[in-house]
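Only this structure's heavy atoms are used, side chains among them; waters, hydrogens and symmetry mates stay out. Residue numbers count from 1 along this sequence.
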Amino acid sequence: MRFFRVLALAAACAALAAPAWAQQERVIRLGHLNNTDHPVSFGVKRFAERLAEKSGGKLKVQEYPANQLGNELQQQSALQGGVQQMSLPATTSLAGIVKEFGLLDFPFAVADYAQADQLLDGPLGKALIDKLPEKGLVALGYWDLGFRNVTNSKHPINKPEDLQGLKIRVIPNPVPMPFTELYGALESKAVDGQENPFAVILSNKFYEIQKYVSATNHVYAANIVLVSKKFWDQLTPTEQQWMREAADETRGYQRQVSRAAAQKAVGELQAKGAQFNQVAPAEQTRMREIAKPVTDKFAAQYDPAVVQLYNNELARIRRP
């Protein structure tokens, strides 16, 4: 009997020390709502390459773009149920299960990309990620989606008053119009406008039905790299490390590609006939002041400790 116990222990140790070539092959179904010409898709491809390299081809990522696996909330449920392995939704979609993610949607919180990265990669971003495992999700960090800007079919937006009377579709927090229905709603004039980053506006051809593109830069939007906790718990510690490393190594590349694409998209939108305008800083300040009572009201409904951390982090990153 002693011989068999020693044999079993040796086998267990060998399994723990198994090299990459001995790892189990796994297929990771990764879904997102963007088209294949969008920077999120470019990030997925780089992530898949890095993960394949680290795992010796044992961890394979299959990309399902353009809502092929359902909208963001449907994919979120699939991850929680273990049916789907990964997704890349906007952080907004998580506010329904961890409402403090709504803090990231507060308008005019950050002024530029550097501030956005500090907020998401710092203590606040981690605190929000730490709330996800109990909801059946694991997050591997944040990717860039970009500053959101308003388009509409009526007139340019130069000041807060220009928004009066317009029916604007916003991210589904709280207005529930799925992204998949947006083009049709704009085309039929069910809504007058929408707000999204420039690359999303271009990739989804909203310029075909929206003449005016206004650089309001009112909200910084990020995608979050989500993994099903049920799938995550099946991975070995080595596989989990590969996943984290691949996501970390992809983040900088994806952000760079996304931000370059946003800058390029403005020129392409104008070339396709869109009328583009910048919003003056003074008018952005007025918009922020008008929005503050609303953001204060929502903040009062969140975990006070997280709100305090949010405010402390904003004060830190805004410091000259």
Query raised in the report: Judged by atom type as modelled, is there a donor-acceptor pair below 3.5 Å linking the side chain of S41 to the main-chain atoms of D37?
Result: no
Query raised in the report: Is there side-chain contact between R251 and D248, with heavy atoms separated by less than 4.5 Å?
Result: yes
**Report entry** R318 with D112: basic N within carboxylate O range, under 4.0 Å
**Finding:** no
Query - Ion pair check, R286 and E289, cut-off under 4.0 Å - result: no
Requested in this report: Take L103 and F106, measure what side chain to side chain contact (heavy atoms under 4.5 Å, CB included) needs, and give me the verdict at the end.
Outcome: CA-CA 5 Å; L103 289 166; F106 281 8; 3.6 Å; yes
Query raised in the report: Any side-chain heavy atom of V150 sitting closer than 4.5 Å to one from V213?
Result: no
**Report entry** Side-chain donor-acceptor pair present, Q241, E245, cut-off under 3.5 Å
**Finding:** yes
Query raised in the report: Are Y64 and L137 in one and the same hydrophobic cluster, where Ile, Leu, Val, Met, Phe, Trp and Tyr link if side-chain heavy atoms are under 4.5 Å apart?
Result: no
Query raised in the report: Counting only heavy atoms not in E208, do more than 12 fall under 6.0 Å of its CD?
Result: yes
Query raised in the report: Does any non-hydrogen side-chain atom of Q84 lie less than 4.5 Å from one of F231?
Result: no
Query raised in the report: When rounded to the nearest 0.5 angstrom, what is the spacing between OH in Y310 and CG in L124?
Result: 8.0 Å
Query raised in the report: Side-chain heavy atoms under 4.5 angstrom apart, residues restricted to Ile, Leu, Val, Met, Phe, Trp, Tyr: same cluster for F42 and L145?
Result: no
**Report entry** Residues K229, D233: salt bridge by 4.0 Å N-O rule
**Finding:** yes
Report summary line: So CG of L140 and CG of L226: to nearest 0.5 Å the spacing works out to 8.5 Å
Query raised in the report: Side-chain heavy atoms under 4.5 angstrom apart, residues restricted to Ile, Leu, Val, Met, Phe, Trp, Tyr: same cluster for M177 and V219?
Result: no
Query raised in the report: With hydrophobic residues grouped by side-chain heavy-atom distances under 4.5 Å, do L128 and L132 end up in a single group?
Result: yes
**Report entry** Non-hydrogen side-chain atoms of M86 and V225 separated by less than 4.5 Å
**Finding:** yes
Requested in this report: Answer whether the closest heavy-atom distance between the side chains of N217 and Q284 falls below 4.5 Å.
Outcome: yes
Report summary line: Closest non-hydrogen contact found for P107 with T295 is CD-CG2, 3.5 Å
**Report entry** Exercise: identify the closest heavy-atom pair between S93 and E72
**Finding:** CB-OE1, 3.7 Å
Report task. I would like to know whether S228 and Q80 meet side chain to side chain contact (heavy atoms under 4.5 Å, CB included); could you show each step before the answer? Result -> CA-CA 6 Å; S228 162; Q80 291 171 310; over 6 Å; no
Query - Identified side chain to side chain contact (heavy atoms under 4.5 Å, CB included) counterpart of Q240 within the set V138, L235, V227 - result: L235
Report task. Apply salt bridge (charged side-chain N to carboxylate O under 4.0 Å, His left out) to the pair R148 and E195, showing each step before the final yes or no. Result -> CA-CA 6 Å; R148 304 182 76 92; E195 42 91 51; 2.9 Å; yes
Query raised in the report: What is the distance from atom CD of Q68 to atom CG of L33, rounded to the nearest 0.5 Å?
Result: 12.0 Å
Query raised in the report: Are a donor atom and an acceptor atom from the side chains of N196 and N149 found within less than 3.5 Å of each other?
Result: no
Report task. Determine whether Y212 and I157 fall in the same hydrophobic cluster, where Ile, Leu, Val, Met, Phe, Trp and Tyr are linked whenever their side-chain heavy atoms lie under 4.5 Å apart. Result -> no
**Report entry** For the student: nearest non-hydrogen atoms of A261 and P39, plus distance
**Finding:** CB-CG, 3.7 Å
Query raised in the report: ring-ring contact (aromatic ring centres under 6.0 Å, His included): which pairs involve residues 127-157, sequence neighbours left out?
Result: Y113-F147, F147-Y220
Query raised in the report: Less than 4.5 Å apart, any side-chain heavy atom of D144 and any of R259?
Result: yes
Query raised in the report: Yes or no on side chain to side chain contact (heavy atoms under 4.5 Å, CB included) for K54 and E249, after CA distance, side-chain angles and deciding distance?
Result: CA-CA 12 Å; K54 291 176 182 296; E249 292 168 12; 2.9 Å; yes
Query raised in the report: So, do I224 and L88 sit near enough that their side-chain heavy atoms are less than 4.5 Å apart?
Result: no
**Report entry** Q210-Q194 side chain donor-acceptor pair, cut-off 3.5 Å
**Finding:** no
Query raised in the report: Tell me, do Q76 and I97 make a side-chain contact under 4.5 Å, heavy atoms counted?
Result: yes
Query - Note: D162-K154 ion pair, threshold 4.0 Å (strictly below) - result: no
Report summary line: What one should report as the nearest heavy-atom pair of Q234 and E239 is O-OE1, 4.5 Å
Query raised in the report: For residues N67 and T180, is any side-chain donor paired with an opposing acceptor at under 3.5 Å?
Result: no
Query raised in the report: So, T92 versus D105: side-chain donor-acceptor pair below 3.5 Å or not?
Result: yes
Report summary line: Here the pair of heavy atoms bringing P156 nearest to N277 is CB-OD1, 3.7 Å
Query raised in the report: Does one side chain, of N71 or Q75, offer a donor that lies under 3.5 Å from an acceptor on the other?
Result: no
Query raised in the report: If every non-hydrogen atom of K272 is compared with every non-hydrogen atom of Y207, which pair is closest and at what distance?
Result: CD-CZ, 3.2 Å
Query raised in the report: At what distance, to the nearest 0.5 angstrom, does OH of Y183 lie from CG of L186?
Result: 9.0 Å
Query raised in the report: Does D192 reach the main-chain N or O of N152 with its side chain, forming a donor-acceptor pair under 3.5 Å?
Result: no
Requested in this report: Pick out which of R46, K45, R29 makes a salt bridge (charged side-chain N to carboxylate O under 4.0 Å, His left out) with E63.
Outcome: K45
Report task. Would you kindly say whether S203 and N35 are connected by a side-chain donor-acceptor distance under 3.5 Å? Result -> yes
